[in-house]
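Below is one structure, written out as structure tokens, with a few remarks after it.
Letters go in sequence order (proteins before strands), and every chain restarts at 1. Note: hydrogens, waters and symmetry copies are ignored here, and every other heavy atom, side chains too, is used.
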Amino acid sequence: MNRVLVREIPQYIGNEVLLKGWVHQLRRLGKINFLLLRDRSGIVQTVILDPTIDLSKIDQESVVAIWGIPKKEAQAPGGIEVEVKRIELIEQAQSPLPFEVNRPLELLNIKLDTILDHRAFALRHPKINAIFKIEAELVHAFREFLRKEDFLEIHTSKIISQGTEGGTNLFPIQYFETQAYLAQSPQFYKQMMVGAGYERVFEVGFVYRAEDHATSRHINEYLSLDFEMGFIDSEKDIIDLEIRLLRYIFESIKKNCANELKLYEVDLPTIEFIPQIQFKEAREILKKYYRKELLTSDDLDPEAERLLCDYAQKEFNSEFIFVTNYPISARPFYTMPYDETYSRGFDLLYRGMEVTTGSQRIHNYQLLVNNMAKFGLNPQDFEFYLEIFRYGMPPHGGLAIGAERLTQQILGLKNIREASLFPRDRYRLVP
RNA sequence: GGGCUCGUGGUGUAGCCUGGUCUAACACGUCGCCCUGUCACGGCGAAGAUCGCCAGUUCAAAUCUGGUCGAGCCCGCCA
């Protein structure tokens with residue numbers, strides 16, 4: 001007999017099915033017992049009326065096979081339940097469990113640390129499980145949209161000899177007899193692939209930041225959603241594409257993850273218009289509406305990001321806001337200047353947090369080399385990157401989206417670690 | 001790198017300020033018995049923690065002090 005998934009049960013009303021899964025909950029009332037069975041597709045109530053069926057070894061979270069007949073039953077959750085004919089214990093779960101996974105998370109109030117210490121087990125909780133279905137859909141939609149836009153998916157090395165910005169935040173690794181580093185960004189390689197003639201490329205991959213921070217929005221290994229495209233007129237082309245990309249991602253999640261969104265009581269907005277303000281305007285807005293002076297003259301602090309999103313919400317009814325034309329001093333050397341002071345670099349803020357950084361890049365070889373010198377970098381160390389710029393580089397630009405951050409903000413998670421299966425931070429290397 | 005907060009059964013908390021009556025409480029879970037419609041099932045009973053670790057103060061430490069290890073948040077920096 002072939003296994004039937006929980007979500008397929010409605011097709012089998014009146015016919016015996018074989019179900020396999022985990023015992024989500026067992027409610028023993030005496031002569032009638034209810035067993036909630038969970039598989040990858042959902043949870044179904046089964047009812048045990050036959051007193052000869054032995055439930056003594058059937059503990060919560062045990063793996064079982066159940067033969068039974070699906071029936072319409074008004075009293076059952078969802079209107080359908082399976083009357084059990086036979087139950088077989090496949091693998092018993094030890095007791096006690098690390099914590100409960102069959103009650104609302106809000107009632108359990110489990111510490112994040114406990115969840116992460118028991119990560120695989122914790123994912124059995126439907127609400128925790130849902131996070132990674134959303135994230136998978138997000139990444140899938142990112143790929144699907146860009147492929148439709150004629151982008152090529154690339155996979156570049158995460159083992160590098162030089163950092164993008166000079167080498168401060170890099171994790172050193174021993175690479176045979178030489179020193180190497182874990183990549184903090186696919187930046188150089190994706191630009192090189194534009195120059196290689198692919199024009200439009202994207203990459204989904206982990207990147208590594210050896211920053212000694214401990215906050216709810218930083219992890220040391222995160223999934224970077226990158227794209228880079230050639231023959232643009234300005235960074236506005238990148239921004240326009242990102243708006244369409246986000247619209248596509250949000251619509252995909254809404255369409256394919258309705259149940260998961262419901263668990264978090266999230267109602268994703270339809271993205272129509274995203275306001276764009278220049279950095280210097282942002283500074284004025286902060287001063288005028290919030291009486292806030294930026295402590296650093298060339299970047300936004302977290303409070304400023306929250307305030308600007310508040311402004312976007314009130315003025316434009318948007319949860320997103322682009323901050324454009326950041327000061328040159330706040331941006332890496334490859335960022336295209338806008339004028340003497342400002343660059344063609346931008347950030348996207350979403351619900352108070354930075355989720356994207358992008359820019360038009362410098363495509364002129366001489367300008368790029370001169371800029372490296374200004375930033376105190378030695379062009380000879382970056383010859384591998386610079387070469388293609390000598391042989392005809394089109395105007396280009398791109399951006400990177402932090403996948404965990406976007407997921408965190410979509411679901412309103414308190415800590416980015418919740419959106420990473422196996423987060424790596426200053427103190428966590430296991431599991 | 002700077003600042004603040006927290007470590008008590010499997011899970012989450014109370015107790016700590018104002019040491020003794022803490023032989024450590026409560027909720028959920030676990031185990032046993034009862035229950036034919038539960039769905040945060042219900043009822044009765046039971047087990048389970050030397051209060052992160054080390055030292056000190058004291059007649060007496062979960063409680064005070066110092067150290068140590070672990071955790072969380074904010075800032076800098078960033079996605």
### Summary
Each nucleotide of nucleotides 38-47 of chain B classed B (base within 4.0 Å of a protein heavy atom), S (only sugar-phosphate) or -, in 5' to 3' order, makes BBBB------
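Among residues two or more places apart in sequence or in another chain, the ring-ring contact (aromatic ring centres under 6.0 Å, His included) test is passed with A/His24 by none.
Classification of A/Glu242 and A/Arg244 as a salt-bridged pair fails, no side-chain N sitting under 4.0 Å from a carboxylate O.
Ranked by how close their nearest RNA chain B nucleotide is to the 5' end, A/Ile32 and A/Arg426 are led by A/Arg426. In this structure, A/Leu49 and A/Gln60 both approach RNA chain B, and ranking their closest nucleotides by distance from the 5' end singles out A/Gln60.
Nearest to the side chain of A/Lys31, among B/rU36, B/rC75, B/rG72, sits B/rU36. Nearest nucleotide to the side chain of A/Glu100, out of B/rC77, B/rG12, B/rG10: B/rG10.
Ring stacking is absent between A/Phe99 and B/rG10, as the pair misses the limits of under 5.5 Å between centres and under 30 degrees between planes.
Residue A/Ser224 is out of contact with every strand shown, counting any heavy-atom pair closer than 4.0 Å.
Nucleotides B/rC64 and B/rG19 are separated by 7 Å at their C1' atoms, to the nearest Å.
No hydrogens or angles were tested; on distance alone, nothing pairs the side chain of A/Arg217 with the base of B/rC73 as donor and acceptor under 3.5 Å.
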Listed pairs, N/O of protein and of nucleotides 2-6 of chain B, under 3.5 Å:
none

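Put simply, A/Ser216 has a side-chain N or O that comes within less than 4.0 Å of OP1 or OP2 on B/rC74.
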